[in-house]
Protein chains: 2
Amino acid sequence: MAKSTNREDHLKALYALGERKGGSDAWVATNDLAAHLQVKAPSVSGMVQVLQELGWAEHRPYHGARLTPSGRSLALSLVRKHRLWETFLVQRLGFGWDEVHDIAEQLEHIDSVELVQRLDAYLDHPEVDPHGEPIPNVHGDILDKRVLMPLSELPAGAWGQIGAVQDDQGQVLDQLQRNNLGLGSVIGPKERTTLPAEGHQYILVTPWENADARPQTSAP
Amino acid sequence: MAKSTNREDHLKALYALGERKGGSDAWVATNDLAAHLQVKAPSVSGMVQVLQELGWAEHRPYHGARLTPSGRSLALSLVRKHRLWETFLVQRLGFGWDEVHDIAEQLEHIDSVELVQRLDAYLDHPEVDPHGEPIPNVHGDILDKRVLMPLSELPAGAWGQIGAVQDDQGQVLDQLQRNNLGLGSVIGPKERTTLPAEGHQYILVTPWENADARPQTSAP
DNA sequence: CCTATTTTTTAGCCACACCTAAAAATGACA
DNA sequence: TGTCATTTTTAGGTGTGGCTAAAAAATAGG
Ligand SMILES: [Mn+2]
Ligand SMILES: [Mn+2]
Ligand SMILES: [Mn+2]
Ligand SMILES: [Mn+2]
């Protein structure tokens, strides 16, 4: 038994949902994985057992799954590849930030350590991807230490600056683009009402103290 | 039924062996496909029937298989992608010409028309890949009209200039590199004895009239 | 032209990754 | 605490793409 595209995608989902739940000791529910992967629960049940046999995840039946250290390390290398490829597609090939996720979802599975190293160097070792999300380094460390919160959790009346947007939320990326908002844009009460509320959880912001300062927008 | 990595690889093999046999009406034997794909004959038998159902190949049992026009067109688009990616890996990422085939074998299956278009433009619409092999254009036409013959078929005593080397023959690429030979190098009797005879069929040359002219070597 | 060898296909098996339907465990709450 | 709704797993089935062993067709030699 070895790597495969599907196993890698399940691993990555387990990492992503675990992070969202607050760290490496969080248990992730089968149903949540199934929803994220657009697959039925029994498929996840089966795959999670495979991940356990591979030593990549721990599975407590009827309770959930979480990554082992080696699984986490593999997941981080997939996230790294995904975000490096997205950076390449936007910075070098000129794609829009809303067009690259599906392609990177394929490219991340290309198996070549040398390729990732050269790509990273070619892009000048970027620290964040086109959606503002941090790119783990070759050791799996995330050096980016910004503290971001979902716009949906920003106190009413407060302002925030967009630090990142979930890359798999094409709709939200579109909405921002249509409103001339992007990474670095500052969000006030007006923008909050303009942007559909369902998307607020996918827009990650830093609280913005002085609402009078000039918004430092980097057009998307 | 739709595309898949394996079906695409079989299609590409059918194209490659058909070309080697002299064109689009050549029938390719099951065993030859199996040898090329490093798979057993029954697997090819099954796959060839699938290709027929997909309308990509014609199969006459106990006789062989060949591409339909639509299969040929798909195969050419795969060859195009493979060679564009190899060009990217060598020209932009600095890989050696003997390191890129296996990676391109994966990259060629990435499914995005837009990506191929942008990659082609990014590379300034190259006409040949790092191994000298022509890159079909977006319509599947091969504009490169050089007439190349295997070194093994060059008359004894004649000279030849290297026009291309089969990209899947890593050993041959290595041998050339070790002898400081590459695309454009001129091969005389001395080089022919130096290079192992088994590799001669994979080195494609144009006959070289004036053996006294300076060899126009492009270092590999 | 008939037999022996080679080539190819068919038959039957397995692993992977998905599905639906049914069973089992959990947890909420009366 | 007992029941019930929800979640999860298990059971059983499908399609893909491999394999080996056996059968069938083609080819070659005497
Ligand atoms: Mn993926
Ligand atoms: Mn991203
Ligand atoms: Mn391939
Ligand atoms: Mn090539």
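Proteins get letters first, then strands, A, B, ... in listed order; numbering begins at 1 in each. From a predicted model like this one, the values you see are computed outputs, not experimental measurements.
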### Query
To the nearest 0.5 Å, how far apart are CZ in B:R80 and CD1 in B:I142?
11.5 Å
### Summary
Footprint ends on DNA chain C, 5' to 3', for atoms under 4.0 angstrom from a heavy atom of chain A, come out as C:dC16 to C:dT26
## Note on the structure
Atom CG of B:N6 and atom P of D:dC19 are separated, to the nearest Å, by 11 Å
### Task
Fit a plane to each ring of A:W97 and A:H131, take the angle between them on a 0 to 90° scale, and name the class: parallel (under 30°), tilted (30 to 60°) or perpendicular (over 60°).
parallel
### Query
With a 3.5 Å cut-off and no angle check, do the side chains of B:H101 and B:D167 form a donor-acceptor pair?
yes
### Exceeds 12 heavy-atom contacts within 6.0 angstrom, atom CD of B:E127
no
### Task
Could you pick out which residue, A:V39 or B:G64, lies toward the 5' side of DNA chain C when each is mapped onto its nearest nucleotide?
B:G64
### Nearest-neighbour nucleotide for the A:N31 side chain, D:dT7, D:dT10, D:dG17 considered
D:dT7
### Message
Can you confirm whether A:Q171 is buried at CD, in the sense that more than 12 heavy atoms of other residues, nucleotides or ligands lie under 6.0 Å from that atom?
### Response
no
### Query
Any chance the rings of A:F88 and A:F95 have centres within less than 6.0 Å?
no
### Within 45° cone of B:W27 ring axis and under 6.0 Å: B:R60 NZ or CZ
yes
### Query
Where the side chain of B:M47 is defined as all heavy atoms beyond and including C-beta, which of D:dA11, D:dG17, D:dA24 is the nearest nucleotide?
D:dG17
Look for any protein N or O under 3.5 Å of an N or O in nucleotides 12-15 of chain D and output each such pair with its distance, or none.
none

